[in-house]
Number of protein chains: 2
Amino acid sequence: MWMTIDLNSEIPIYSQIRNQIIEGIVTGSVRTNDSLPSVRQFAADLGINLHTVNKAYNLLKQEGFVQVHRQKGAVVNPPDSYRANDEYYTNVNEALRPIIAESLCRGVAREDFLNICERIYEEYGNVKEGDNNG
Amino acid sequence: MWMTIDLNSEIPIYSQIRNQIIEGIVTGSVRTNDSLPSVRQFAADLGINLHTVNKAYNLLKQEGFVQVHRQKGAVVNPPDSYRANDEYYTNVNEALRPIIAESLCRGVAREDFLNICERIYEEYGNVKEGDNNG
DNA sequence: TATATGTTATATATATAATATAACAGATAT
DNA sequence: ATATCTGTTATATTATATATATAACATATA
């Protein structure tokens with residue numbers, strides 16, 4: 001299984017799991033209708049508690065990325081289930097504002113900042129809209 | 001005093017203070033050599049504890065934005081004291097990666113994302129590098 | 001000398017994060 | 001039928017982060 005957990009990170013373990021599953025959807029290693037490992041199996045593989053995995057799965061469920069069935073486990077939804085909406089755009093803005101303010105404060109030119117973003121976009125393979133999985 | 005604190009936010013109060021002071025440097029309402037309010041005065045104004053303000057000030061100190069004198073309080077450093085360095089660029093990348101991955105996953109096109117960033121940059125007044133204060 | 005500053009030290013309360021066990025309910029394979 | 005695997009729920013415990021409450025200390029200044 002891909003996925004590496006940093007126990008010393010300030011990012012909670014369940015957030016690390018969530019983020020890496022979303023990364024998996026982007027890069028194509030996780031596809032629509034894929035079943036994620038069971039909470040017990042995944043927890044054992046990572047050497048952590050099943051409740052931590054469960055928390056990550058329920059977060060992904062709440063955000064529309066997966067559906068949790070009692071028997072099939074967590075199944076990845078089709079892209080239409082988690083398309084960006086107004087709420088998400090609001091969240092992105094609120095997340096970016098302090099980052100950009102600090103960059104501006106530290107003398108990072110607009111062009112440089114946009115280049116950083118573009119580099120990350122390319123790192124994820126220049127996936128086209130609606131073409132990231134399915 | 002500008003600065004509004006949202007006690008119900010999931011963002012810690014000391015982070016809100018830190019972020020808004022950095023915003024103040026960007027917009028020009030806080031300038032080099034300005035003294036920030038004393039921890040007791042600021043805490044009283046905001047209706048919070050002085051230790052919460054002190055934590056924000058020490059964070060800003062650790063990040064190079066201010067110098068804390070025993071008597072003068074927290075004084076804003078000149079821009080050269082907090083210019084972006086390699087460590088900061090690493091931090092920005094780590095902060096942006098999960099945001100961009102999720103945007104990509106949710107079908108936000110690269111152009112749209114960059115437009116959001118540009119809009120925020122313009123919101124802060126298109127300050128030129130090295131010209132944001134001083 | 002009084003006052004204001006940041007600093008340090010305790011103590012407490014609350015919330016979050018993570019773990020540890022245990023049991024429950026439902027589907028599936030043997 | 002029975003064993004096994006699923007997510008789920010329930011309790012309890014530990015550790016850490018956040019925020020507050022008091023108090024005292026050291027130092028510069030009016």
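In the text below, chain A, chain B and the rest are named by the order of the sequence lines, each starting its count at 1.
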Inset, instruction - Just call it for B:K72: base, sugar-phosphate, or nothing, with non-hydrogen atoms closer than 4.0 Å on any strand. - result: nothing
Legend entry - Sequence neighbours excluded, every pair satisfying ring-ring contact (aromatic ring centres under 6.0 Å, His included) that has a member inside residues 100-120 of chain B: A:Y121-B:F113
Legend entry - Other residues, nucleotides, ligands: >12 heavy atoms within 6.0 Å of A:D6 CG: yes
Legend entry - Under the ring pair (Phe, Tyr, Trp, His ring centres under 6.0 Å) test, residues paired with A:Y57 that sit two or more places apart: none
Legend entry - Any B:T52 side-chain N or O less than 4.0 Å from OP1/OP2 of D:dT18: no
Inset, instruction - Could you tell me which non-hydrogen atom of A:A84 sits nearest to which non-hydrogen atom of B:V108, and how far apart they are? - result: CB-CG2, 3.6 Å
Legend entry - First encountered from the 5' end of DNA chain C, between A:I48 and B:A74: B:A74
Inset, instruction - Work out which heavy atom in A:G64 is nearest to a heavy atom in A:N77; give both atom names and the distance. - result: O-ND2, 3.0 Å
Legend entry - Partners passing side chain to side chain donor-acceptor pair (under 3.5 Å) against B:R40 (at least two apart in sequence or in another chain): none
Inset, instruction - Answer yes if A:Y88 and A:V26 sit in the same cluster of Ile, Leu, Val, Met, Phe, Trp and Tyr residues linked by side chain heavy atoms under 4.5 Å apart, and no otherwise. - result: yes
Inset, instruction - Apply side chain to side chain donor-acceptor pair (under 3.5 Å) to A:N58 and list each qualifying residue two or more places apart in sequence or on a separate chain. - result: A:N54
Inset, instruction - Rounded to the nearest angstrom, tell me the gap between atom CG in A:L59 and atom C1' in C:dT16. - result: 14 Å
Legend entry - Candidates B:I17, B:I21, B:V68 - the one meeting side-chain contact (heavy atoms from CB on, under 4.5 Å) with B:L60: B:I21
Inset, instruction - Specify the residues of residues 10-19 of chain A, ordered by number, for which at least one heavy atom lies under 4.0 angstrom from an atom of DNA chain C. - result: A:P12, A:I13, A:Y14
Legend entry - Minimum heavy-atom distance between B:V30 and B:L36, given as atom pair plus value: CG1-CD2, 4.4 Å
Inset, instruction - Rounded to 10°, tell me the angle between the two end axes of the helix from C:dT1-D:dA30 to C:dT30-D:dA1, each built from five pairs. - result: 10°
Legend entry - Separation of atom CD in A:Q41 from atom P in D:dT4, rounded to whole Å: 16 Å
Inset, instruction - Any chance you could measure B:I120, atom CD1, to A:E94, atom CD, to the nearest 0.5 Å? - result: 10.0 Å
Inset, instruction - Using atom CG of B:N49 as one end and atom C1' of C:dT14 as the other, report the distance to the nearest whole Å. - result: 14 Å
Inset, instruction - Mind jotting down which residue pairs meet the side chain to side chain donor-acceptor pair (under 3.5 Å) criterion with at least one end in residues 12-23 of chain A? Sequence neighbours excluded, please. - result: A:R18-A:E63, A:R18-B:E102, A:E23-A:Y124
Inset, instruction - Would you check if there is a donor-acceptor pair between the side chains of A:E87 and A:N91 at a distance under 3.5 Å? - result: no
Legend entry - Side-chain-base donor-acceptor pair under 3.5 Å for A:R40 and D:dT4: no
Legend entry - Contacts of A:R119 that satisfy salt bridge (Lys or Arg N to Asp or Glu O under 4.0 Å) - sequence neighbours left out: none
Inset, instruction - Mind checking side chain to side chain donor-acceptor pair (under 3.5 Å) for A:N49 and listing every partner two or more places apart, or none if nothing turns up? - result: A:H51
Inset, instruction - Under the side chain to side chain contact (heavy atoms under 4.5 Å, CB included) rule, what do A:I99 and A:R97 come out as? Steps first, then yes or no, please. - result: CA-CA 5 Å; A:I99 296 175; A:R97 200 174 295 117; over 6 Å; no
Please tabulate the protein-to-nucleotide N/O contacts below 3.5 Å involving nucleotides 27-30 of chain D, giving atom names and distances.
from, atom 1, to, atom 2, distance (Å)
D:dT27, O2, B:Q71, OE1, 3.3
D:dA28, N3, B:Q71, NE2, 3.4

Inset, instruction - Verify the contact: side-chain N or O of A:S38 to OP1 or OP2 of D:dC5, cut-off strictly under 4.0 Å; return yes or no. - result: no
Inset, instruction - Enumerate the residues from residues 60-69 of chain B whose closest heavy atom to DNA chain D is under 4.0 Å, giving them by residue number; use none for an empty result. - result: none
Restricting to nitrogen or oxygen on both sides, can you table the protein-nucleotides 8-11 of chain C pairs closer than 3.5 Å?
from, atom 1, to, atom 2, distance (Å)
C:dT8, O4, B:H51, NE2, 3.2
C:dA9, N6, B:H51, NE2, 2.8

Inset, instruction - To the nearest Å, give me how far apart CG (A:L7) and P (D:dA15) are. - result: 16 Å
